[in-house]
Amino acid sequence: QVNLLQSGAALVKPGASVKLSCKASGYTFTDYYIHWVKQSHGKSLEWIGYINPNSGYTNYNEKFKSKATLTVDKSTNTAYMELSRLTSEDSATYYCPLTTVGYYFDYWGQGVMVTVSS
Amino acid sequence: DIRMTQSPASLSASLGETVNIECLASEDIYSDLAWYQQKPGKSPQLLIYNANSLQNGVPSRFSGSGSGTQYSLKINSLQSEDVATYFCQQYNNYPRTFGGGTKLELK
């Protein structure tokens, strides 16, 4: 069965960067796009972008183009999102959902909380 | 960007009651709409896709309808396990966008 296991919670200082991981299992890693979604505390969801694990092609929400960098490591079936120049606005829970059959998010990682604080 | 406006923002209902949640898109999204349920501390789970198709394993008391710019999620015979926040999301265009969420509580 499809499983997306995300890295543990992160506490990072303002101005620093953090790299989040999403390890996929239960399917062929290169078959489906991996997306990233941000949820600020108690608020709605924002789509950050996606990566095609087969080609490495990425598509970003304009809002996050200078904030997030998406990569994959096909040898370990892991997707990564690096967030740079962190501020308190980046404190949130980040999810990695998949689109498999259609263009909707049918599988989700458990989420990872990032706290930006000095 | 396509703006998704969800209403109400919060809702209180009794067990066994029927609940409706609305989602209005800022432009025609041609039924490219999904509904998700999120329980506290958990990731969102897909309920409905293509506006009215029930995801495998989702109870039949959940249903979706709508077209064009107006969509709705209906929960028949509300159960205690339905207490959650519900989000709509369009996938007709990039960037993908979500509604603001509807928090459903028991009365």
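Computation of the quantities below employed the complete heavy-atom set of this structure, encompassing side-chain atoms and omitting hydrogens, waters and symmetry-equivalent molecules. All values derive from a computational prediction rather than experimental measurement. By convention in this document, chain letters (A, B, ...) are assigned in the order of the sequence lines, proteins followed by strands, and residues within each chain are numbered from 1.
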Cluster overlap [X] with [Y], hydrophobic side-chain contacts below 4.5 Å:
X        : Y        : answer
A/Leu4   : A/Met81  : yes
A/Leu83  : A/Leu45  : no
B/Leu46  : A/Leu98  : no
A/Val116 : A/Met113 : no
B/Ile29  : B/Leu24  : no

I'd like to know which of B/Gly41, B/Pro95, B/Gly99, B/Pro40 tops the heavy-atom pair count under 4.5 Å against chain A.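 Highest number of heavy-atom pairs under 4.5 Å: B/Pro95.
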Pairs of donor and acceptor atoms under 3.5 Å between chain A and chain B, please, with atom names and distances.
from: A/Gln39; atom 1: OE1; to: B/Gln38; atom 2: NE2; distance (Å): 2.9
from: A/Gln39; atom 1: NE2; to: B/Gln38; atom 2: OE1; distance (Å): 2.9
from: A/Ser44; atom 1: OG; to: B/Gly99; atom 2: O; distance (Å): 2.6
from: A/Tyr95; atom 1: OH; to: B/Gln38; atom 2: NE2; distance (Å): 3.1
from: A/Tyr95; atom 1: OH; to: B/Lys42; atom 2: O; distance (Å): 3.4
from: A/Phe105; atom 1: N; to: B/Tyr36; atom 2: OH; distance (Å): 2.9
from: A/Gly109; atom 1: O; to: B/Ser43; atom 2: OG; distance (Å): 3.3

Identify the residues of residues 10-26 of chain A whose heavy atoms come closer than 4.5 Å to a heavy atom of chain B, ordered by number, or report 'none'.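 The list, in residue order, is empty: none.
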So, using side chain to side chain contact (heavy atoms under 4.5 Å, CB included) as the criterion, who are the partners of A/Thr28 when residues are at least two apart?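 So A/Thr28 forms a side chain to side chain contact (heavy atoms under 4.5 Å, CB included) with A/Thr30, A/Asp31.
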Using a side-chain heavy atom cutoff under 4.5 Å and only I, L, V, M, F, W and Y, what cluster partners does A/Leu5 have?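 Taking Ile, Leu, Val, Met, Phe, Trp and Tyr as members, A/Leu5 stands alone, with no cluster partners.
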